[in-house]
Amino acid sequence: QDIAEAKRDVAESTDGVIQIGNTTDSIGTTEADYEKKQLLKKPSDRDKGFARFFKIRLIRAKTNPKLLTSEIMNTFPKMMFVLLPVFALVLKLIYIRSKRLYVEHLIFSLHGHSFVFTVFSIDFFLPGILVFLSIIGTAVYLFKSMRKVYGQGFLKTLVKFILLYVIYVTIFAFALGLAILFSMAML
């Protein structure tokens, strides 16, 4: 009886199809829709484990995007706190020949992150072009502070700044992806 009822309900609901990757497996707009569609499948073809978990969280995120945004905003500061020592470690590796201790790189990392947080907090209240200029200004400031603190020439600092930027943006993107997945798991 449940399967017959599920078939009737699925036939009636044709709106809001979510697709995952290249699959045409529609999961519906509500958890109830998804559950009904799962009942229509053979038990061996039903979603299990992580796929089921992820699809349900995806439905919840779609039906309540503000909740997902809130979860991401709650996870973001924790992620950045974890990335502070990672940034310092990358600095230590880039300046491997310097006699500086890891703690000194950590202090520079804390300084740089504090500056970026302050500028980006102010950016929430600025129009688009000023935000773009503040991003450029932040990069220039961090470059100049690296040059001042580590005492190297323009070209050497520029190469190390670009290397640091590429490595850190890669790590940041990976951490942000994990933070979004973690936030979705909390839905």
Side-chain angles (χ1 to χ4, degrees), residues 20-21 49-62 64-187:
I20 312 263
F50 182 74
R52 178 180 175 77
F53 177 82
F54 183 74
K55 287 179 182 180
I56 289 172
R57 295 312 183 271
L58 193 61
I59 291 168
R60 289 180 186 171
K62 185 178 182 215
N64 193 353
K66 288 183 181 180
L67 182 62
L68 177 61
T69 302
S70 173
E71 283 295 332
I72 292 171
M73 294 311 263
N74 287 336
T75 306
F76 191 77
K78 296 169 192 144
M79 178 195 76
M80 293 308 296
F81 184 74
V82 169
L83 287 180
L84 275 169
V86 173
F87 186 80
L89 180 63
V90 173
L91 278 170
K92 178 71 175 164
L93 293 173
I94 288 175
Y95 288 98
I96 193 92
R97 290 186 181 167
S98 77
K99 304 286 187 211
R100 295 183 183 273
L101 301 172
Y102 173 77
V103 173
E104 294 175 87
H105 298 291
L106 188 60
I107 291 169
F108 181 80
S109 174
L110 185 62
H111 169 80
H113 278 79
S114 298
F115 179 76
V116 169
F117 284 141
T118 303
V119 169
F120 288 162
S121 295
I122 294 168
D123 282 351
F124 279 111
F125 306 106
L126 297 176
I129 188 70
L130 292 178
V131 171
F132 175 74
L133 292 175
S134 71
I135 291 171
I136 303 267
T138 301
V140 169
Y141 175 80
L142 291 175
F143 170 77
K144 285 187 171 192
S145 63
M146 278 178 66
R147 191 160 179 224
K148 179 80 171 171
V149 169
Y150 294 104
Q152 293 184 330
F154 179 85
L155 191 57
K156 205 171 197 180
T157 303
L158 182 64
V159 169
K160 290 183 178 186
F161 175 77
I162 292 170
L163 182 63
L164 175 69
Y165 180 80
V166 168
I167 292 171
Y168 190 65
V169 164
T170 304
I171 293 169
F172 181 85
F174 178 74
L176 185 60
L178 287 178
I180 291 170
L181 285 177
F182 181 75
S183 298
M184 284 184 73
M186 296 292 111
L187 292 178

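Note that the coordinates shown come from a computational prediction; the quantities given were computed from them, not determined experimentally.
The aromatic rings of Tyr141 and His111 are tilted relative to each other, their planes meeting at an angle between 30° and 60°. Ring orientation note: the planes of Tyr150 and Tyr95 are close to parallel, at an angle under 30° on the 30°/60° scale.
Annotation: Phe117, atom CZ; neighbour count of heavy atoms from other residues, nucleotides and ligands within 6.0 Å is above 12. When the shell of 6.0 Å around CZ of Phe53 is examined, it contains more than 12 heavy atoms from other residues, nucleotides or ligands. Atom OH of Tyr165 is surrounded by 12 or fewer heavy atoms from other residues, nucleotides or ligands within 6.0 Å.
Of all non-hydrogen atoms in Phe120 and Thr138, the two that sit nearest each other are CE2-OG1, 4.5 Å. The minimum heavy-atom distance between Ser183 and Glu71, with the atom names listed, is OG-O, 3.3 Å. Nearest approach of Phe87 to Ser109, heavy atoms of both residues: CD2-OG, 3.3 Å. Across all non-hydrogen atoms, the minimal contact from Pro85 to Tyr102 is O-OH, 2.9 Å. When all heavy atoms are compared, the tightest approach of Met146 to Thr157 is CB-CG2, 4.1 Å. Between Tyr168 and Leu83, the closest heavy-atom pair is OH-CB, 3.6 Å.
Here the CD1-CG distance, from Ile171 to Leu89, works out to 8.0 Å after rounding to the nearest 0.5 Å. Rounding to the nearest 0.5 angstrom, the gap separating the OG1 atom in Thr69 from the CG atom in Asn74 is 11.0 Å. Atoms CG and OG1, from Leu178 and Thr75 in turn, are 11.0 Å apart once rounded to the nearest 0.5 Å. Here the CG atom belonging to Leu91 is positioned 10.5 Å from the CG atom belonging to Leu163, to the nearest 0.5 angstrom. Between the CD1 atom of Ile180 and the CD1 atom of Ile72 there is a distance of 4.5 Å, given to the nearest 0.5 Å. In this structure, the separation between CG on Leu142 and CG on Leu164 is 8.5 Å, given to the nearest 0.5 Å.
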Begin with the C-alpha distance, continue with both residues' side-chain angles, and end with the deciding distance and a verdict on side chain to side chain contact (heavy atoms under 4.5 Å, CB included) for Phe54 and Leu181. CA-CA 9 Å; Phe54 183 74; Leu181 285 177; 3.9 Å; yes
Trace of the side chain to side chain contact (heavy atoms under 4.5 Å, CB included) decision for Arg147 with Phe161: CA-CA 9 Å; Arg147 191 160 179 224; Phe161 175 77; over 6 Å; no
What verdict does the side chain to side chain contact (heavy atoms under 4.5 Å, CB included) test give for Ser145 and Phe108, after you've listed the backbone C-alpha separation in whole Å, the side-chain angles of each residue and the deciding distance to 0.1 Å? CA-CA 9 Å; Ser145 63; Phe108 181 80; 3.5 Å; yes
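Annotation: side chain of Leu67 is not in contact with side chain of Arg60 (no heavy-atom distance under 4.5 Å). Taking 4.5 Å as the limit, every side-chain heavy atom of Phe182 sits out of range of all side-chain heavy atoms of Met79. The side-chain heavy atoms of Leu187 and Asn64, taken from C-beta on, include no pair separated by under 4.5 Å.
Within the 3.5 Å criterion, the main-chain N or O of Lys66 finds no donor-acceptor partner in the side chain of Ser70. Side-chain atoms of Lys92 come within 3.5 Å of backbone N or O of Arg100 as a donor-acceptor pair.
Between Phe81 and Phe76, the distance from one ring center to the other does not fall under 6.0 angstrom.
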